[in-house]
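Right, one structure below, let's go through it.
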Amino acid sequence: AVAIVFLLATVQVDDRSGGTSGGAGGGGAISGSSSRGASIATSDGRQAENGAGGLLKALGQGMGKLSDEYRAYLALPPVKQTSALGALRGNGLGMPDQPSVVVPLGQTVVSYFFPHLAPITEPLAPTDTPIFFHIPRAGTSIKSILSGCLGLIMATDAGTRNGHDRDRTARVVSLPKGGRYVNVDTTTLPGLQRAAGMGLVQSQLADVIVTPHIYTAVTSLFDQGHRARMFTTIRHPIERAVSMFHYLSVADWEPTYDPDLAFVNVEMYARSDRVENNWMVRFLTGELTGDLTERHLDVAKELLRSYCVVGLMEEKAESLRRFESYLGFAYRGPEGRDCRDKYLHWDYGNKHEHPTVEEGSTAWNLLYRKNELDMKLYEYALEVFQEQGQLFQPGGMHYNEQTEPTAAAAVAVAVADAATDDASAVSNGDAAASSDAGIITPQESGERSLAQNELKLRLPGPR
């Protein structure tokens with residue numbers, strides 16, 4: 001009976017439908033702290049508190065809305081690329097001659113529309129702030145390591161608990177269960193608006209900002225003197241969608257929690273309007289509603305290629321090493337490293353295992369059609385991950401010998417890379433694993449910039 005109610009309460013998805021139209025998805029589109037920033041539909045047709053209503057209110061106030069010029073560019077018909085980055089370059093390299101969307105010569109579309117996002121081939125500056133593009137079901141353990149093991153001051157949603165959402169000025173608060181947070185919520189559009197008004201980035205209080213809303217965060221929080229340094233971990237879109245389905249049936253602390261999902265299968269979920277729709281491309285480009293095109297995919301590719309250190313869930317230990325090296329994070333003593341290894345080994349209680357979906361099955365194909373652009377972006381991210389590796393090898397711009405794994409840790413790395421992110425998911429918020437882990441923050445060490453050389457990247461352009 002619950003299954004019938006579930007199907008009646010959702011919009012059926014035709015097997016032949018493409019994966020580029022519609023919105024960011026329903027309850028399955030966003031998990032964790034970011035879930036309150038997008039459309040949410042419950043099984044009885046109501047919308048969850050702070051869900052779609054919060055999104056529409058924020059859009060009405062201008063927060064999260066794409067600029068007219070940027071939207072005009074994304075709406076242009078596809079053009080034949082004259083080079084690897086043809087559709088993303090200025091005059092003479094594939095950009096249609098339309099005054100409303102002409103990008104100045106020498107600039108890419110990303111550098112023009114995301115002006116305060118630092119390229120990964122430039123050295124870290126003291127006023128740069130790391131920004132973690134949090135993809136649901138793909139980065140919770142990384143957040144826990146940053147907060148609990150490295151002891152960094154985080155800007156997420158946790159700092160607004162215990163009445164701090166009413167604070168008028170930005171400051172750092174400590175939670176009873178551990179962790180230090182700025183009293184803002186960077187995971188929602190209204191929260192970003194409040195954080196911008198409080199001068200979050202300019203205060204230099206946060207060691208790391210966590211958000212799914214990259215476009216809004218970069219264009220509203222940062223300025224010419226304060227740039228964003230993006231990094232992320234990416235997971236196979238279909239595996240992540242399946243994980244989302246199982247997660248939402250048990251995560252009773254989430255606004256999108258739905259116990260009815262325990263009575264339906266993945267295929268039914270994939271046919272509903274709750275399943276995510278190209279989540280990564282939507283949130284990277286800021287196009288949370290409406291149709292997506294290949295232009296959105298090209299922008300998302302360039303963001304990952306040139307402006308983001310890309311990590312992979314299947315290479316979590318190596319990804320974390322790159323993050324530490326790129327951003328100058330360091331552990332002061334063995335406690336912090338032990339805390340990190342605990343998360344990498346999944347040797348703790350918050351495990352969430354579930355059945356997988358076989359490739360080629362009806363459920364797999366349905367999920368693929370809903371996430372076709374994300375699948376293309378994921379395949380591209382695999383290439384970028386391999387190419388970016390040269391930056392973190394000896395002689396590379398961001399190589400840091402102190403982040404190299406010890407011989408004793410070599411076996412642990414192999415174990416960590418074989419694990420999945422599900423082990424870290426069933427947790428309420430950003431609870432720290434070790435609140436007293438010894439660390440050296442970038443501000444304390446004064447080492448937020450790394451040695452630079454003239455090594456040039458040869459990364460794959462958007463295809």
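None of the values given here were measured: they were computed from a predicted structure. Heavy-atom basis, side chains included; hydrogens, waters and symmetry copies ignored.
- At least one cation-pi condition fails for Arg321 and Phe392: the charged atom is not both under 6.0 angstrom from the six-membered ring centre and inside a 45 degree cone around its axis.
- Between Pro136 and Tyr247, every side-chain heavy-atom pair lies at or beyond the 4.5 Å cut-off.
- Between Phe114 and Tyr70, the two ring planes are perpendicular [angle over 60°; tilted spans 30° to 60°].
- Between Thr187 and the choices Leu192, Thr160, Thr211, Asp157, the side chain to side chain contact (heavy atoms under 4.5 Å, CB included) rule is met once, by Asp157.
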May I have the step-by-step check of side chain to side chain contact (heavy atoms under 4.5 Å, CB included) for Glu276 and Arg240, ending in yes or no? CA-CA 10 Å; Glu276 62 184 9; Arg240 191 169 60 80; 3.0 Å; yes

CA sep, side-chain torsions, deciding dist, call: Leu288, Phe283, side chain to side chain contact (heavy atoms under 4.5 Å, CB included): CA-CA 6 Å; Leu288 302 186; Phe283 277 79; 3.7 Å; yes

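- Looking at Leu373 and Arg282, their side chains never come closer than 4.5 Å, going by heavy atoms from C-beta outward.
- Looking at every heavy atom in both residues, Ser111 comes nearest to Tyr307 through CB-OH, 3.3 Å.
- Of the candidates Arg227, His226, Gln204, Thr129 forms a side chain to side chain contact (heavy atoms under 4.5 Å, CB included) with just one, namely Gln204.
- Residues Glu383 and Lys301 are not paired through a salt bridge, judged by the lack of any N-O separation under 4.0 Å between the basic side chain and the carboxylate.
- For Arg305 and Tyr380, the positive end is not near the middle of the six-membered ring at less than 6.0 Å and at most 45° from its axis.
- At least one side-chain heavy atom of Arg337 sits less than 4.5 Å from a side-chain heavy atom of Arg340.
- Here the shortest heavy-atom pairing between Met280 and Phe133 reads O-CZ, 4.3 Å.
- Side chain to side chain, Thr156 and Lys143 fail the donor-acceptor criterion of an N or O pair below 3.5 Å.
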Criterion ring pair (Phe, Tyr, Trp, His ring centres under 6.0 Å) on Trp279 and Tyr378, from CA distance to verdict: CA-CA 11 Å; Trp279 193 98; Tyr378 172 75; over 10 Å; no

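- Gln193 has its side chain out of reach of Thr188: every pair of non-hydrogen atoms, C-beta onward, lies at least 4.5 Å apart.
- The two residues Thr232 and Phe323 come nearest to each other via the heavy atoms O-CZ, 3.2 Å.
- The side-chain hydrogen bond (donor to acceptor under 3.5 Å, both in side chains) test with Tyr326 is passed by exactly one of His398, Gln388, Arg229: Arg229.
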Could you walk me through whether Asp207 and Leu150 satisfy the side chain to side chain contact (heavy atoms under 4.5 Å, CB included) test, starting with their C-alpha distance in whole Å, then the side-chain angles of each, then the deciding distance to 0.1 Å, before giving a yes or no? CA-CA 10 Å; Asp207 294 320; Leu150 280 162; over 6 Å; no

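- In this structure, the separation between NE2 on His236 and CD1 on Ile234 is 12.5 Å, given to the nearest 0.5 Å.
- With hydrogens and angles ignored, the 3.5 Å screen pairs a side-chain donor or acceptor of Gln202 with a backbone N or O of Leu221.
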Side chain to side chain contact (heavy atoms under 4.5 Å, CB included), that's the test. Do Cys339 and Tyr331 meet it? Break it down for me. CA-CA 10 Å; Cys339 171; Tyr331 303 90; over 6 Å; no

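- With rounding to the nearest 0.5 angstrom, the OH atom of Tyr343 is 4.0 Å from the OG atom of Ser144.
- Among the candidates Thr169, Asp165, Asn162, Asp167, the single residue satisfying the side-chain hydrogen bond (donor to acceptor under 3.5 Å, both in side chains) test with Asn183 is Asp167.
- One finds the CZ atom of Arg194 at 8.5 Å from the CG atom of Asp185 (value rounded to the nearest 0.5 Å).
- Atom CG of Asp128 and atom CG of Leu327 lie 9.5 Å apart (nearest 0.5 Å).
- Taking all atoms of both residues into account, the shortest heavy-atom contact from Gly286 to Tyr215 is CA-CB, 4.1 Å.
- Taken to the nearest 0.5 Å, the NE2 atom of His213 stands 11.0 Å off from the CD1 atom of Ile131.
- Under the 3.5 Å distance criterion, the side-chain polar atoms of Ser319 are matched with a main-chain donor or acceptor of Leu312.
- Judged by distance alone, the side chains of Ser306 and Glu302 do bring a donor and an acceptor atom under 3.5 Å apart.
- Among all heavy-atom pairs drawn from Leu66 and Leu74, the shortest one is CD1-CD1, 3.9 Å.
- Side-chain contact between Ile153 and Val182 is present, with at least one heavy-atom pair separated by less than 4.5 Å.
- Checked by atom type, the side-chain pair Glu324/Asn400 shows no donor-acceptor distance below 3.5 Å.
- Going from atom CD1 of Ile238 over to atom CD of Glu359 covers 7.0 Å, rounded to the nearest 0.5 Å.
- In this structure, Arg322 is positioned above the aromatic face of Phe385, its NZ or CZ under 6.0 Å from the six-membered ring centre and within 45° of the axis.
- The shortest heavy-atom contact between Ala241 and Leu367 is CB-CD2, 4.1 Å.
- Ring-plane geometry between Phe113 and Tyr73 is classed as tilted, the angle between the planes lying from 30 to 60 degrees on a 0 to 90 degree scale.
- With a 4.5 Å cut-off on side-chain heavy atoms, Ile135 and Thr233 do not count as touching.
- The existence of a salt bridge linking Glu287 and Arg71 is confirmed by a sub-4.0 Å separation between a basic side-chain nitrogen and an acidic carboxylate oxygen.
- Gln390 places a side-chain N or O within donor-acceptor distance of the main-chain N or O of Glu387, the cut-off being under 3.5 Å.
- The closest side-chain heavy-atom distance from Leu297 to Leu292 is not below 4.5 Å.
- The only member of Val208, Thr216, Leu200 that meets side chain to side chain contact (heavy atoms under 4.5 Å, CB included) when paired with Thr186 is Leu200.
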